[in-house]
Structures are given as structure tokens and as C-alpha cells.
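In what follows, chains are A, B, ... by sequence order, proteins preceding strands, each numbered from 1. Side chains are part of it too, since the values below use all heavy atoms of this structure and drop only hydrogens, waters and symmetry mates.
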Amino acid sequence: MTKFPVWKYLIIIVAIIVGLLYTLPNFYGEVPAVQISSSRSSVQIGDDLIKKTTDALLAQSVQPQGEVFDGKTLKFKFKTTDDQLKARDIIAQTLGDNFIVALNLISASPDWMSKMNANPMFLGLDLRGGVHFLLEVDMDAAIKKTLDKYVGEIRRDLRNNQIRYGSVAVDNGSSVLIQLRDEATAASVIDQLRKDLPKLQAVKDGDTNVRVVVSPDEVQKIKEAAVKQNILILHNRVNELGVAEPIIQQQGPERIVVELPGVQDTARAKDILGRTATLEVRMVDDDKPTLTQALNGNVPVGEELLDEPNSDGSMTKLLVKKDVELTGDNINDAQAGFDENGSPAVNISLDGTGSSIFKQVTGDNVGKRMAMVLVDHGKSQVVTAPVIRTQIGGGQVQISGAMSVQDANDVALLLRSGSLAAPMNIIEERTVGPSLGQENIDKGFHSVLWGFVAIAIFMCVYYMVFGAVSVVSLGVNLLLLIAVLSMLQATLTLPGIAAIALTLGMAIDSNVLINERIREELRNGQKPHAAIEAGYEHAWATILDSNVTTLIAGLALLAFGSGPVKGFAVVHCLGILTSMFSAVLVSRGITGLLYANKRIKKLPI
Amino acid sequence: MEFFKIKKDIPFMSYGKLTTSISLLTFILALFFLFTRGLNLSVEFTGGTLMEVQYSQAANLDAIRNKLNGMGLDQATVQNYGSSKNVMLRLPNKKDINGASLSNNVLAALKLEAPDVQLKSVEYIGPQVGKDLVNNGLMAIAFVCIGIMAYLALRFEWRFAVSAIIANMHDVVIILGCFAAFQWEFSLTVLAAILAVLGYSVNESVVVFDRIRENFRTIRGGTVSHIINNAITATISRTIITHGCTEMMVLSMLFFGGASLHYFALALTIGILFGIYSSVLVASPLVMWLGVSRENLVKQTKRKEEAVV
């Protein structure tokens with residue numbers, strides 16, 4: 001048996017040290033923490049804020065166990081979850097609205113480990129509890145919305161060029177139809193639009209009509225922009241929910257994944273995420289006879305009946321004009337607060353355009369009622385309908401009505417975080433309670449543990465010393481696998497744990513191949529050293545072949561799987577690689593240590 | 001300790017007719033169940049809502065059913081799992097009910113009667129997602145088959161590739177047949193298990209094939225069936241030990257892994273058992289019947305040897 005070269009030992013030693021270093025943080029566990037981040041880019045977290053918060057905590061005798069500041073977010077560690085909850089309330093009160101205060105968990109491993117990026121694996125939602133949503137952006141609605149905008153542009157363009165038209169309207173939800181007087185006008189409109197609005201494709205439709213469609217390139221751009229804008233808005237909304245470390249990612253061309261670890265109130269989360277609320281300011285028709293007629297089912301053209309909630313929760317019908325005076329697009333900021341009577345209200349500040357429109361509308365309609373209509377998922381509801389007493393300039397508007405503090409907060413949040421480019425539907429949801437998460441961790445851990453123990457006992461009994469060598473190399477395999485997963489900051493899920501178990505069960509194959517081969521060589525009359533040598537050598541080709549085929553299956557899972565299948569596949573593929581390393585190199589190294597340079601008459605196998 | 005001290009080769013190939021008939025029979029049986037009963041697909045594929053709730057005392061399933069019927073969810077299934085306190089509700093997607101808010105409504109309704117009810121998990125899958133998953137699953141299986149065949153054809157020869165893939169698809173169909181026959185729930189994790197079995201089972205065939213190739217080089221003058229018998233006999237010890245070990249791990253998952261890993265472990269258990277059978281008694285006879293010969297494999301070695309010299 002040739003001596004195992006020193007450099008290979010070095011590789012093994014380095015691998016084991018690195019493995020230990022990156023595996024350890026998983027055993028330190030996590031401590032409860034409170035995470036503070038700024039909700040506005042203009043407000044920065046600095047040293048004074050750290051001091052201010054610490055003082056406030058100490059004043060109420062809550063002792064933080066240390067703080068971590070990465071330049072953007074500040075985290076305070078606490079001993080118990082009781083302290084954590086108390087601290088959250090204190091901090092939220094001290095810092096006010098400009099900061100997001102969320103509960104979090106951070107690694108309890110020593111600082112020098114964290115500095116080397118040796119952190120524990122992320123736990124998937126199935127192990128720590130939380131909600132996972134898959135949202136699909138309604139692209140038809142996004143295109144319809146864009147077309148609505150073009151209708152305005154086309155009208156303006158025709159008017160500017162003094163072309164008379166019958167009507168301009170969205171037709172079928174996918175194109176704009178322009179009705180014109182005669183064929184000549186239609187031809188000139190096509191020329192005009194091609195020049196002024198090159199993004200659109202204008203074609204003749206019948207004799208006197210022009211149909212305008214959006215070019216495929218433009219459709220693509222609209223779709224991409226819609227997803228991007230929705231992701232941005234989801235970020236804002238989730239931030240305001242105060243969730244620590246949420247995940248918001250695009251998946252495929254039209255879908256968005258949102259994962260909110262630790263969130264249990266799924267009803268509220270769904271409500272906030274899925275809402276498409278925009279605010280519209282419209283005039284109320286208070287003419288008594290018209291209202292009575294409308295209530296009898298005779299709604300005048302250009303008006304509609306909407307619900308207005310009363311303070312006791314009942315609804316009153318209100319006749320509101322369809323013309324929108326002002327929309328939520330002109331809102332700069334919205335904050336929940338209280339009106340002069342002490343009831344919950346939303347304070348809105350408008351931008352320049354908004355202010356001047358609002359000034360004009362209120363000036364023209366003194367004495368009349370104005371309705372603040374919240375359009376949410378295609379459903380309109382009057383939030384409040386105050387009487388205009390004087391002209392309001394300056395762009396500061398307050399809306400109050402029959403709402404609770406929570407309602408005021410939600411409305412403010414929705415208005416502030418902007419409107420979605422297109423509505424979204426939740427097409428997948430997974431919620432895992434925290435107790436189930438812990439249960440899953442325990443069960444997964446036990447399956448790995450007992451499976452490993454059973455294999456270890458069997459191997460040691462069946463192959464004796466070589467079995468023990470196999471068990472050690474299998475242990476190294478487990479160590480390296482967990483280390484690699486921690487290094488990559490992979491998210492560990494229950495299928496991931498299952499993959500660890502299965503990978504260990506399969507990894508023993510390489511060792512069995514080697515051991516069987518050594519036995520066979522001995523049977524064929526080889527001397528012990530030569531048998532070990534030949535055993536490892538012959539087994540190698542087989543190990544390579546069989547692992548490559550398994551790897552192909554693993555990669556296919558990785559490429560086409562989603563969710564739990566992907567979690568499984570990542571671990572499976574990495575496990576195959578680490579098992580090849582540990583079975584071939586590590587076990588060979590140990591046998592080298594045990595038998596090289598020694599005279600052996602009989603191998604204990 | 002050693003279980004397998006086999007002096008003479010076991011004549012596996014002479015049982016070829018018997019073993020392949022057994023396989024063919026199980027295969028047809030599996031297909032029969034697949035077509036007559038079909039798979040009991042989980043919500044991940046069919047779409048719908050799956051809720052797990054926990055009561056502090058034994059749950060009254062009839063009361064829950066009545067409640068759901070009252071909400072117009074008469075197709076819902078309600079059953080205990082694990083213990084009498086844990087209840088699983090399965091609600092199919094309906095056109096007129098918004099699936100995403102359904103779980104909230106149901107939980108609120110259950111809370112009215114038993115305030116102690118706790119939500120353990122919810123899984124809601126819209127109708128579009130299920131379709132995508134089925135497509136992705138089929139794609140994954142196709143990709144695995146093509147990838148493995150290409151690799152085997154490259155490393156060995158086309159005859160090996162074809163027989164390995166037939167033997168492995170046979171395993172997959174039999175697992176699917178078991179799931180159909182017993183109406184076990186077929187979920188995404190089970191699909192992952194099946195794909196893992198595909199990889200695993202090929203692994204098994206590769207070990208035997210490797211030995212066959214080696215024997216063609218070293219044993220001069222033996223018949224093809226003698227060479228294959230010898231290869232299987234020589235590796236049988238490793239085959240049993242390896243599978244035994246993997247099976248120990250999988251059984252540990254089956255016993256300790258809880259409900260979430262139950263069917264995953266079950267699929268693997270069946271897959272491993274049939275994996276041994278198919279690689280030894282299906283793949284190898286197939287290779288022989290496809291007419292493998294020394295020339296198919298040894299040509300390559302000669303070229304290699306010349307290159308070395």
C-alpha cells in the first residue's frame with residue numbers, strides 16, 4: 001500500500017476545520033431580538049439613535065444583551081422573549097413613525113464567528129412558522145390600465161390637431177377603437193398617430209374606424225414594469241407590517257413570491273398585500289328627489305350609488321358622480337392621526353398638481369358634499385363625505401369618518417405605499433404555525449439521528465475496523481454537508497432535512513463498495529496492503545459512475561422543481577458531492593493512518 | 001462478519017424468464033390500478049385548500065362537517081390525522097369562492113363553536129399552479145431519463161442505457177401503482193422521492209453494469225450469461241448491504257419523521273425494494289437479450305490500451 005500523500009491529509013484537515021467552523025453556529029441557536037430599520041430614506045440610524053433607544057430601554061429596566069448594527073438595520077439582542085416583546089413596545093413608542101420595529105431572531109454564535117460569515121442556516125417557513133404567498137399579477141388589467149392612459153393621450157392629440165372624432169374608447173380590453181367621420185379622416189388619423197405616438201400601432205378597422213393596438217414589444221415592457229412596480233409596492237407594504245427579513249421575489253414572468261417568517265395573522269397580511277386601494281375624490285349628488293329615484297333603481301347616467309359606513313357599522317347609500325376630480329396618484333404622504341374631535345383620521349398631503357386641483361374643486365363647490373372614495377379590488381366605498389365649508393388650499397387634507405384607529409392606519413398605509421400597477425391574486429398560500437415548525441425540526445432531527453445510529457452500529461459490526469472508518473467518514477460527510485449549506489446560507493426546509501437523511505443513507509454506498517472490494521481482493525489472495533490499495537482503486541470508477549447518474553437526477557429536480565422539491569434537490573446535489581469527497585479521500589486517509597508503514601497479517605474486515 | 005460467502009455464481013440469467021414475467025405482471029397490475037383508481041393527488045396538483053387544525057380536546061368531526069356544509073362546502077373532506085385532536089380539512093377549489101380568503105373564513109367559523117381551535121398550517125393552491133406543477137414534474141422525469149440515458153450510452157453502450165431506463169421506469173410505475181392501489185396521497189414531496197428513486201435505482205444498475213464491463217475484459221471465453229451471473233453474484237453482497245443501510249435511514253424517516261415525511265419515506269421504501277429487484281433481475285436480462293457482447297465493450301479498451309502504449 002502506497003503512502004497517502006501529505007498534501008491530501010492537509011486538504012482533509014482544512015476541510016474538517018472549515019466544516020466545524022461553519023457547522024457550529026447551527027448549534028448555538030438563536031436569541032430573540034428587536035430589529036429597527038428606517039422607513040424613510042431621509043431618516044438614518046446613527047449613534048445618537050442607538051443611545052436614545054438604549055436609554056429608553058434601561059429607563060424601563062429592560063436590559064439589552066448587546067446590539068448589532070450593519071449600517072442599515074439595528075438589532076438589539078434580549079435574553080427572553082418577554083424582554084423582547086416589552087422592548088418592542090418601548091422602542092416603537094420612543095422612535096415614532098419613521099422607523100420600522102420588528103421582532104427577529106439572531107444568531108447566538110460568538111461575534112468572531114459572525115464576522116467570518118459563519119452563521120446558522122436559515123430555517124424555512126415549514127420549520128419556523130410563517131406565511132408564504134405566491135401572487136399573480138393580473139396582466140390583462142395592467143394592459144387595460146395602460147390603454148386607459150393612451151385613450152387620454154389620443155384624445156388630446158386629436159384635439160390638438162383639430163381632428164373631429166366620434167368616440168375614443170378601449171375595446172375588448174386589448175385595443176383602442178377610434179370612431180371617425182369618414183375614410184379620409186381615418187387615413188389622416190393613422191398618419192398623425194404614427195408620428196406622435198410611435199409606441200402604438202394604428203390600423204384601419206372598417207371604413208371609418210381606426211383601431212390602435214400596443215406593439216408586442218410595448219406589451220412586454222408594460223408587463224415587466226407592472227411586476228416591478230408591484231414588487232416595489234409590496235416591499236413598502238411589508239415593511240410597514242414590521243416583518244423581519246421578508247422575502248419578496250419575482251418568480252417567472254408574472255408571479256411574485258412573498259414570504260413572511262413569523263407572521264401568524266394571515267388574514268391581515270393577505271388583506272394588506274392583496275389590496276389595490278386608490279383614493280378618489282368625487283362630488284356627491286345630494287338632490288333629494290334624484291336620490292329617492294336612484295334608490296328605487298333609477299340611477300342617473302354618470303352617477304352611481306355607493307355605501308358609506310356609519311359609526312355604528314351600518315351602511316348608508318350615497319349618490320356619487322362618476323367623474324373623478326382627484327386620484328391617489330397626487331398624494332405625497334398619508335399618516336394616521338386624530339381629528340379635532342379626537343376620532344381617528346387620516347392626514348393627507350397632496351403634491352403641487354393635487355393641491356391646485358383640490359383648491360379649485362373646493363372653491364367651486366362650497367356648501368356641497370365631497371366624497372372620499374376608496375377603490376379597493378374594483379369595489380368602491382365612501383370613506384367619508386364631508387361638506388365643503390371653505391376653499392381649501394395648501395394641499396393638506398384630513399379625512400375622518402366612521403373608522404377605527406386600525407382602519408385609519410391601514411388606509412394611511414395603503415395610500416402611502418402607492419397603488420399597484422395591476423391587481424394581484426393570491427394563487428398559492430402556505431401557512432405554518434410556530435408549534436408545527438418546532439415539531440417538524442424535532443422529527444426531522446430524530447429521523448437523521450436514529451438512521452445514522454442504526455447504520456453506524458451495523459457498519460461497525462459487519463465490517464469491524466473498516467466499518468468504523470466508514471462511519472467516521474460518513475460523519476465527516478454530514479459535517480461538510482451542513483457546513484456547505486450554512487456557508488451558502490441555504491434555507492433549510494423539512495424536505496431538506498429528508499434529503500440529508502436520504503443522502504447519508506445513499507452515501508454509505510461508496511463505503512460499502514470500497515469495503516466489499518477489499519474483502520474480495522483478500523479472497524482472491526491479495527496481501528492486505530495490496531488489497532486496500534486495489535479496493536480503493538477499483539471502487540473509484542464505480543463510485544464516480546453511480547454518483548454522476550444520481551447527480552443528473554438531482555440536477556433535474558433542481559431545474560424543474562419548485563418549493564419543497566427544490567429544497568430537497570439542493571441538499572441532495574450538495575450531499576452527493578460531499579459524500580464523494582468524504583468516502584474516497586477521508587476514509588482512504590484514515591486507513592492510511594491506521595495501516596501505512598505497518599506490517600499486517602490479517603485485515604480486520 | 002460476512003453474510004454472503006458465495007462460492008459459485010448464482011445462475012440469475014437462467015431465471016430470466018421467470019423474473020421478467022413477475023416484473024411484467026406487477027407492472028401490468030400497477031398500470032391497472034393507475035388507470036382504474038388513478039392517483040390520489042394532493043392539493044398541490046389539484047388546487048384547493050388543505051388546513052390542519054388542532055383542538056385542545058378530541059375534535060367532533062361531524063360538527064365540523066356540518067359547519068362546512070353550512071358554508072356551502074359540501075365537497076370538503078374532514079378527517080383526523082395523527083391524533084383525535086388534530087383534524088385535516090381538504091377543501092376543493094370552487095369558482096364562486098375566493099380560495100385565498102377561504103381558510104380565514106373557515107377558521108373564523110370553527111372558532112365560533114370551539115374557541116380553542118388552533119390553526120397549524122394552511123396550504124392553498126390556485127388552479128393555475130397545479131397545472132404548472134404537473135408540467136414541471138413531467139419535464140423533470142423526462143430530463144432525468146434523457147440525461148441518464150445519454151450518460152450511460154456514453155460511458156457504456158446504448159444497450160445498457162436502454163435496459164437501465166426500462167428497468168427504472170418499471171420501478172417508477174410500480175411505486176405509482178402502489179400509490180394508486182392504496183390511494184395514498186401523491187404530493188410534491190412524493191414526486192421528489194420518485195425522482196430520487198430514479199437516480200438511486202440507476203445507481204444500482206450502474207454498479208452491476210460496471211462489473212459486467214469489467215468481467216468482459218478480464219474473463220476470457222465465458223458466455224455472456226456466465227459473465228453477467230458472475231457480475232451480479234460478485235456485487236450481490238454490496239447490493240444488499242447498501243440497500244439495507246439506505247432502507248434503515250428511510251425507515252427511520254418513516255417511523256420518526258411524522259406525518260409530513262410519511263409518504264415521502266413510503267415511496268422511497270418501495271422504490272428501494274424494487275430498485276434492487278429491477279437492477280439485478282430486469283436490467284441485466286434485458287442487456288443480455290438486447291445482444292450485448294464482448295465486442296460492444298472491449299473495442300473501447302483496446303483503443304485505450306494502444307493510446308497508453
Side-chain angles (χ1 to χ4, degrees), chain A residues 134 136 266-267 270 274 425-433 435-436 439-440 443-444 446-447 450-451 454-455 458-459 461-462 494-495 498 501-502 504-506 508-509 512-513 516 519-520 541-542 545-550 552-557 559-565 568-569 572, chain B residues 1-2 52 99-101 103-104 118-126 128-129 133 136-137 139-140 143-144 147-148 151-152 155 188-189 191-192 195-196 198-200 202-203 206-207 210 234-235 237-238 241-242 244-253 255-258 260-261 264-265 268:
Chain A
L134 185 61
E136 191 166 61
T266 56
K270 266 187 235 176
N425 294 314
I426 296 176
I427 54 170
E428 189 184 288
E429 182 207 335
R430 281 170 221 272
T431 308
V432 178
S435 62
L436 185 61
E439 218 176 291
N440 281 341
K443 285 185 172 157
H446 281 128
S447 3
W450 296 119
I455 290 180
F458 174 80
M459 290 298 281
V461 170
Y462 195 73
L494 190 61
L502 183 66
L504 287 183
M506 291 168 73
I508 200 69
D509 178 42
V512 173
L513 273 171
E516 284 292 325
R519 276 187 176 175
E520 199 185 325
T542 316
D545 273 338
S546 64
N547 280 304
V548 168
T549 42
T550 323
I552 291 174
L555 288 175
L557 282 180
F560 298 106
S562 61
V565 176
F568 174 82
H572 194 51
Chain B
M1 202 203 306
E2 203 169 343
E52 285 177 39
S101 59
S103 56
N104 292 335
Q118 263 194 343
L119 183 70
K120 287 195 89 180
S121 76
V122 171
E123 204 163 318
Y124 159 72
I125 311 283
Q128 316 88 312
V129 184
L133 286 179
N136 282 347
M139 283 272 279
F143 185 88
V144 173
I148 288 171
Y151 180 77
L152 289 182
R155 282 282 291 174
L188 261 188
T189 23
L191 181 71
L195 285 161
L198 246 180
Y200 185 75
V202 173
N203 182 335
V206 166
V207 173
D210 234 31
T235 50
S237 162
R238 171 261 159 201
I241 301 295
T242 297
C245 284
T246 319
E247 196 67 76
M248 276 195 258
M249 205 46 149
V250 172
L251 287 177
S252 167
M253 261 192 270
F255 295 132
F256 301 107
S260 323
L261 289 181
F264 174 83
L268 284 173

Original post:
Using non-hydrogen atoms only, which part of B/Leu251 is less than 4.5 Å away from chain A: side chain, backbone, both, or neither?
Top reply: neither
**OP:** State, without any angle test, whether B/Ser121 and B/Glu123 hold a side-chain donor-acceptor pair at a distance under 3.5 Å.
**Re:** no
**OP:** Count the heavy-atom pairs under 4.5 Å between each of B/Ser237, B/Gly244, B/Gly147 and chain A, then report the option with the highest count.
**Re:** B/Ser237
Subject >> Max heavy-atom pair count under 4.5 Å with chain B, selected residue of A/Ala553, A/Ala556, A/Ser546 >> reply: A/Ser546
**OP:** Provide the closest heavy-atom pair for A/Gly444 versus A/Leu494 in the form atom of the first, atom of the second, distance.
**Re:** CA-CD1, 4.4 Å
Original post:
Counting heavy-atom pairs under 4.5 Å to chain A, which of B/Val202, B/Leu188, B/Thr235 comes out on top?
Top reply: B/Leu188
Original post:
Looking at A/Ala559, A/Ala569, A/Ala541, A/Ala498, which has the largest count of heavy-atom pairs under 4.5 Å with chain B?
Top reply: A/Ala498
**OP:** Sort out for me which of A/Asp545, A/Leu504, A/Thr550 touches chain B most, counting heavy-atom pairs under 4.5 Å.
**Re:** A/Asp545
**OP:** Counting only heavy atoms closer than 4.5 Å, note whether A/Ile508 contacts chain B via side chain, backbone, both or neither.
**Re:** side chain
Original post:
Contact part of B/Val250 toward chain A, heavy-atom cut-off under 4.5 Å: side chain, backbone, both or neither?
Top reply: side chain
Subject >> Ring geometry between A/Phe568 and B/Phe264 (parallel below 30°, tilted from 30 to 60°, perpendicular above 60°) >> reply: perpendicular
Original post:
What distance separates B/Asn203 CG from B/Leu198 CG, expressed to the nearest 0.5 Å?
Top reply: 12.0 Å
**OP:** Grab the two heavy atoms, one from A/Leu502 and one from B/Met253, that are nearest each other, plus how far apart they are.
**Re:** N-CE, 4.0 Å
Subject >> Distance-minimising heavy-atom pair for A/Gly451 and B/Met249 >> reply: CA-SD, 3.2 Å
Original post:
Relative to chain B, which of A/Asp509, A/Leu557, A/Leu513 shows the most heavy atom pairs under 4.5 Å?
Top reply: A/Asp509
Original post:
Where is the tightest heavy-atom contact between B/Thr246 and A/Gly505, given as atom of each residue plus distance?
Top reply: OG1-O, 3.0 Å
**OP:** Measure distances from A/Glu516 to the heavy atoms of chain B and classify the residue's part below 4.5 Å as side chain, backbone, both or neither.
**Re:** side chain
Subject >> Residue selection (most heavy-atom pairs with chain A, distance under 4.5 Å) from B/Asn104, B/Val206, B/Val122 >> reply: B/Val122
Subject >> Rounded distance [0.5 Å steps], CG in B/Leu191 versus OG1 in B/Thr189 >> reply: 9.0 Å
**OP:** Can you tell which part of B/Glu247 gets under 4.5 Å to a heavy atom of chain A, answering side chain, backbone, both or neither?
**Re:** neither
Subject >> Which atom of B/Val144 lies closest to which atom of A/Ile552, heavy atoms considered >> reply: O-CG2, 4.3 Å
Original post:
Would you call A/Tyr462 and A/Val512 a side-chain contact if the rule is heavy atoms closer than 4.5 Å?
Top reply: no
Subject >> Interface moiety of A/Ala501 toward chain B, non-hydrogen atoms closer than 4.5 Å >> reply: both
Original post:
Pick from A/Pro495, A/Ser447, A/Gly433, A/Gly554: which one has the most heavy-atom pairs with chain B under 4.5 Å?
Top reply: A/Ser447
**OP:** Side chain from CB out, backbone as N, CA, C, O: work out which of these in B/Asp210 comes under 4.5 Å of a heavy atom of chain A, or both, or neither.
**Re:** side chain
